[in-house]
J.: 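Could you have a look at this structure, given as structure tokens, before my questions?
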Amino acid sequence: MTAQAEAAAPEGTGRPRPATVPTPAAAPTTGTGPAASPGTEPGHAAEKHPGADTEPSIATDPGTGRDAILRAARRSFALRPYAEVTLRGIAADAGVSASLIVKRFGSKEQLFAAVADFGPAADALFGAPLPELGRHLVHTLVGQRRAQQGDPLLRVVFSLGISDERSLLRDRFQEQITDRLTDRLTGPDAALRAELIAAQLIGLGATLSIHRTGAASQAPPERLADLYAPALQRLIDG
């Protein structure tokens with residue numbers, strides 16, 4: 001969904017260069033939520049998609065605004081073409097200064113690379129032996145959503161049908177989530193099974209986002225694992 005470009009002069013409207021963009025280093029996790037967003041551009045507050053503003057980074061800096069910056073960046077890159085997103089607009093939405101974004105991330109290009117990084121999510125999600133991975137996937141996804149008020153994978157949905165730089169989200173998801181899981185699986189059709197596992201995880205995250213006060217959102221993680229993990233484990237076992 002494309003919004004009008006800001007009246008302020010755009011910053012860094014060039015295309016990102018995925019091959020040369022460094023991936024920001026992970027930092028300690030916090031559950032800090034975004035600050036109020038004075039100066040947010042018209043339409044941003046109302047124009048949200050499920051999960052667009054509920055995906056704090058797994059890697060966060062305590063007390064630095066990093067979490068709020070990443071949330072605001074995900075909103076901006078999900079709703080607008082890359083060239084129309086500015087650090088000034090992201091800063092206003094996050095309730096921080098543009099200079100703080102530069103200090104933490106260096107540039108719009110590097111900030112986008114952080115938004116497109118699924119490596120920390122993969123580390124957490126795949127951190128269990130294969131015979132236990134199905135339950136671990138459910139527990140980890142649900143636990144991160146509830147502890148950090150956000151989903152580790154759902155932002156990849158915002159890359160669907162987009163031909164601009166946000167295709168980097170698809171590329172990173174494929175490489176860091178689907179391909180990594182494919183390499184772990186044994187038996188036939190590993191790539192197919194990995195894609196179906198990813199689909200089920202995204203589906204679970206989307207359902208929890210849509211039904212924020214529904215039965216699944218209220219259920220204990222153990223009960224969700226009892227019901228959801230067996231299907232995942234069948235795909236894992238092949």
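For reference, positions follow the sequence shown, starting with 1.
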J.: For the CG atom of Leu232 and the CG atom of Leu201, what is their distance to the nearest 0.5 Å?
T.: 5.5 Å
J.: Give, for atom CZ of Arg135 and atom CG of Leu224, the distance between the pair rounded to the nearest 0.5 Å.
T.: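 It comes to 10.0 Å.
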J.: Can you list everything that forms a side-chain contact (heavy atoms from CB on, under 4.5 Å) with Ser107? Sequence neighbours excluded, please.
T.: Glu109, Gln110
J.: With rounding to the nearest 0.5 Å, note down the distance linking OH in Tyr228 to CG in Leu204.
T.: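 Going from the OH atom of Tyr228 to the CG atom of Leu204 covers 5.0 Å.
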J.: More than 12 non-hydrogen atoms from neighbouring residues, nucleotides or ligands closer than 6.0 Å to CZ on Arg223, yes or no?
T.: no
J.: May I have the step-by-step check of salt bridge (Lys or Arg N to Asp or Glu O under 4.0 Å) for Asp123 and Arg180, ending in yes or no?
T.: CA-CA 10 Å; Asp123 291 341; Arg180 180 170 168 180; 2.8 Å; yes
J.: Counting distance only, does the side-chain N/O of His136 pair as donor-acceptor with the main-chain N or O of Ala124 below 3.5 Å?
T.: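 Indeed, once roles are kept as given, a pair shorter than 3.5 Å links the two residues.
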J.: Could you check whether any side-chain heavy atom of Gln200 comes within less than 4.5 Å of a side-chain heavy atom of Leu235, counting everything from C-beta outward?
T.: yes
J.: Return the minimal non-hydrogen interatomic distance between Ala116 and Leu169, and the atom names on each side.
T.: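 Answer, listing the atom of Ala116 first, then Leu169: CA-CD2, 3.6 Å.
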J.: Is Ile236 reachable from Leu192 through a run of hydrophobic residues whose side-chain heavy atoms are each under 4.5 Å from the next?
T.: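 Yes; Ile236 is reachable from Leu192 via cluster members.
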J.: Could you give the distance from OG1 (Thr182) to CZ (Arg184), rounded to the nearest 0.5 Å?
T.: 12.0 Å
J.: Please check: side-chain N/O of Arg66 versus main-chain N/O of Phe105, any donor-acceptor pairing under 3.5 Å?
T.: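 The answer is no, because no donor-acceptor pair under 3.5 Å joins these two groups.
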J.: Test side-chain contact (heavy atoms from CB on, under 4.5 Å) on Phe173 and Ile202 and set out the steps.
T.: CA-CA 12 Å; Phe173 188 91; Ile202 293 171; 3.7 Å; yes
J.: Within the 4.5 Å heavy-atom criterion, are Asp171 and Glu175 side-chain neighbours or not?
T.: no
J.: Where the side chain of Arg193 meets the backbone of Pro188, is there a donor-acceptor pair that is under 3.5 Å apart?
T.: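 Flag set: sc Arg193 to bb Pro188 pair under 3.5 Å.
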J.: Could you tell me which non-hydrogen atom of Ala72 sits nearest to which non-hydrogen atom of Ile90, and how far apart they are?
T.: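 For Ala72 versus Ile90, the nearest heavy atoms are CB-O, 3.6 Å.
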J.: Just wondering, do Ile177 and Val156 contact through their side chains at under 4.5 Å, heavy atoms?
T.: no
J.: When you check the gap from the basic side-chain N to the acidic O, do Asp117 and Arg155 get nearer than 4.0 Å?
T.: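 Looking at Asp117 and Arg155, the cut-off is not met.
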J.: Please report the shortest heavy-atom distance between Pro230 and Ala225, naming the atom on each side.
T.: CD-O, 3.5 Å
J.: Could you check if a side-chain atom of Phe126 sits within less than 4.5 angstrom of a side-chain atom of Thr140, using non-hydrogen atoms only?
T.: no
J.: Would you mind reporting whether Glu132 and Gln233 have side-chain heavy atoms less than 4.5 Å apart?
T.: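 No, too far: nothing below the 4.5 Å cut-off.
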J.: Indicate the atoms forming the closest heavy-atom contact of Ala114 with Leu70, along with that distance.
T.: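 Closest heavy-atom pair between Ala114 and Leu70: CB-CD2, 4.0 Å.
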J.: Under a 4.5 Å cut-off applied to non-hydrogen side-chain atoms, are Leu133 and Leu181 in contact?
T.: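 Answer yes - side chains close enough.
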J.: Do the rings of Phe77 and Phe112 sit parallel, tilted or perpendicular, given the 30° and 60° boundaries?
T.: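 The rings of Phe77 and Phe112 stand perpendicular, inter-plane angle above 60°.
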J.: Minimum heavy-atom separation for Leu153 to Phe118, with atom names?
T.: O-CE2, 4.0 Å
J.: Would you say the side chains of Ser209 and Arg145 form a donor-acceptor pair under 3.5 Å?
T.: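 The criterion, which ignores hydrogens and geometry beyond distance, is satisfied for Arg145 and Ser209.
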J.: Give me the atom names and distance for the closest heavy-atom approach of Pro221 to Arg146.
T.: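 It is CD-NH1, 3.4 Å.
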J.: To the nearest 0.5 Å, tell me how far Arg170 CZ sits from Thr178 OG1.
T.: 12.5 Å
J.: Mind checking the CD1-CZ spacing from Ile197 to Arg234? Nearest 0.5 Å is all I need.
T.: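 Output value for this atom pair is 12.0 Å.
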